[in-house]
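Quick notes on the structure that follows.
All values below come from the heavy atoms of this structure, side chains included, with hydrogens, waters and symmetry mates left out. The structure presented is a predicted model; accordingly, all values stated were derived computationally and were not measured.
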Amino acid sequence: MSRKTFQRLSLDDRRRSLMEATLSCVARHGLDGATVRRITEEAGVTVGLVRHYFGNKDDMIRNAYAYLVGQLTAQASESANRTAGAPETQLAHFLRANMTAPNMSEEKISLWATFVGRIRQDSYFAEIHRDGYREFLNLLEALIEPVLINHQQPSSVAICKRHAIALNGLIDGLWMEGAL
């Protein structure tokens with residue numbers, strides 16, 4: 001019997017590795033097929049680390065969903081923040097980042113659909129979804145406001161919110177169709 005070798009990673013790297021392995025396993029095997037054993041084999045860690053970092057499989061799955069939502073939003077936000085120039089250009093980069101790889105992929109849409117299906121049965125998933133949606137809308141509102149101002153359009157909080165909700169719906173539709 002050969003002994004498995006494990007890598008020494010920092011605390012954050014180990015946790016991230018477990019969440020990414022969880023997402024990979026959920027994408028390949030579904031929620032029921034993403035067993036702790038499969039996840040730990042994918043991450044190259046012991047089963048005991050799951051209990052150490054998350055307590056149990058359900059907590060690890062919930063954390064992985066929150067990680068996925070955070071990654072999708074962060075990647076688009078970073079793209080907009082790296083962009084110099086007019087507010088329209090920043091908004092365009094944010095939109096493009098949502099509709100291109102790595103955000104737009106069959107795996108990401110499959111994961112999203114798997115997790116969204118849990119929102120009505122699990123209050124933790126509902127809270128993660130709500131928080132992620134709020135964060136995304138806040139980012140959109142912050143990107144929309146200067147565009148409206150540049151075009152001398154009304155830019156009240158309510159108007160920016162309405163535009164953000166509408167644009168989010170458009171992004172979601174294009175993202176789902178494009179990823180499928």
Quiz item: Does some side-chain heavy atom of Phe115 sit less than 4.5 Å from a side-chain heavy atom of Val69?
Solution: no

Quiz item: Is there any salt bridge (charged side-chain N to carboxylate O under 4.0 Å, His left out) pair reaching into residues 145-159, and which pairs are they, with sequence neighbours excluded?
Solution: none

Quiz item: Got a sec, which pairs hit side-chain hydrogen bond (donor to acceptor under 3.5 Å, both in side chains) with one end in residues 118-127, sequence neighbours left out?
Solution: Arg62-Asp122

Exercise. Just grab all the salt bridge (charged side-chain N to carboxylate O under 4.0 Å, His left out) pairs involving residues 68-82, residues at least two apart or on different chains.
Key: none

Practice problem: Given side-chain contact (heavy atoms from CB on, under 4.5 Å), test Ile61 with Phe125 step by step and report yes or no. | Solution: CA-CA 10 Å; Ile61 296 285; Phe125 279 91; 3.7 Å; yes

Exercise. Would you indicate whether the side-chain heavy atoms of Leu49 and Thr40 approach each other to under 4.5 Å?
Key: no

Quiz prompt | Partners passing side-chain hydrogen bond (donor to acceptor under 3.5 Å, both in side chains) against Asn138 (at least two apart in sequence or in another chain) | solution = none

Using residues 91-105 as the side-chain source, report each donor-acceptor pair under 3.5 Å to any protein atom, sequence neighbours left out, with the distance given to one decimal.
unit_1, atom_1, unit_2, atom_2, d
His93, ND1, Thr83, OG1, 3.4
His93, ND1, Thr89, O, 2.9
Asn98, ND2, Phe94, O, 2.9
Thr100, OG1, Arg96, O, 2.8
Asn103, ND2, Leu72, O, 2.9
Ser105, OG, Lys108, N, 3.1

Quiz item: Cluster question for you: counting only ILVMFWY and a side-chain heavy-atom cut-off of under 4.5 Å, with indirect links fine, are Leu140 and Met176 together?
Solution: yes

Can you give me every donor-acceptor pair (side chain of residues 151-174, partner residue at least two apart or in another chain, under 3.5 Å) with its distance?
unit_1, atom_1, unit_2, atom_2, d
His151, NE2, Glu88, OE2, 2.7
Gln153, NE2, His151, O, 3.3
Ser156, OG, Ile159, N, 3.2
Lys161, NZ, Glu141, OE2, 3.3

Exercise. Flag yes if Leu139 and Leu137 sit in one hydrophobic cluster, no otherwise; membership is Ile, Leu, Val, Met, Phe, Trp, Tyr, and two members link when side-chain heavy atoms are under 4.5 Å apart.
Key: no

Practice problem: Could you walk me through whether Arg51 and Asn56 pass side-chain contact (heavy atoms from CB on, under 4.5 Å), step by step? | Solution: CA-CA 6 Å; Arg51 283 188 295 278; Asn56 58 45; over 6 Å; no

Exercise. Go through the steps for Arg16 and Asp13 under the test salt bridge (Lys or Arg N to Asp or Glu O under 4.0 Å), then give the verdict.
Key: CA-CA 5 Å; Arg16 184 175 32 259; Asp13 289 341; 2.5 Å; yes

Exercise. Identify, with sequence neighbours excluded, every residue that meets side chain to side chain contact (heavy atoms under 4.5 Å, CB included) alongside Val116.
Key: Tyr65, Trp112, Ile119, His129

Self-check item: Co-membership, hydrophobic cluster, residues Val45 and Val47, 4.5 Å side-chain
Solution: yes

Could you pull out all donor-acceptor pairs under 3.5 Å where a side-chain atom in residues 18-37 meets a protein atom, sequence neighbours excluded?
unit_1, atom_1, unit_2, atom_2, d
Glu20, OE2, Tyr67, OH, 2.5
Thr22, OG1, Leu18, O, 2.7
Ser24, OG, Glu20, O, 3.2
Arg28, NH2, Glu42, OE1, 2.6
Thr35, OG1, Arg38, N, 3.1

Quiz item: When you measure from the side chain of Thr114 to the backbone N and O of Ser110, does any donor-acceptor pair fall under 3.5 Å?
Solution: yes

Quiz item: Partners of Asp58 by salt bridge (Lys or Arg N to Asp or Glu O under 4.0 Å), sequence neighbours excluded?
Solution: none

Exercise. Would you please test Gln90 and Val147 for side-chain contact (heavy atoms from CB on, under 4.5 Å) and show each step?
Key: CA-CA 9 Å; Gln90 288 184 315; Val147 172; over 6 Å; no

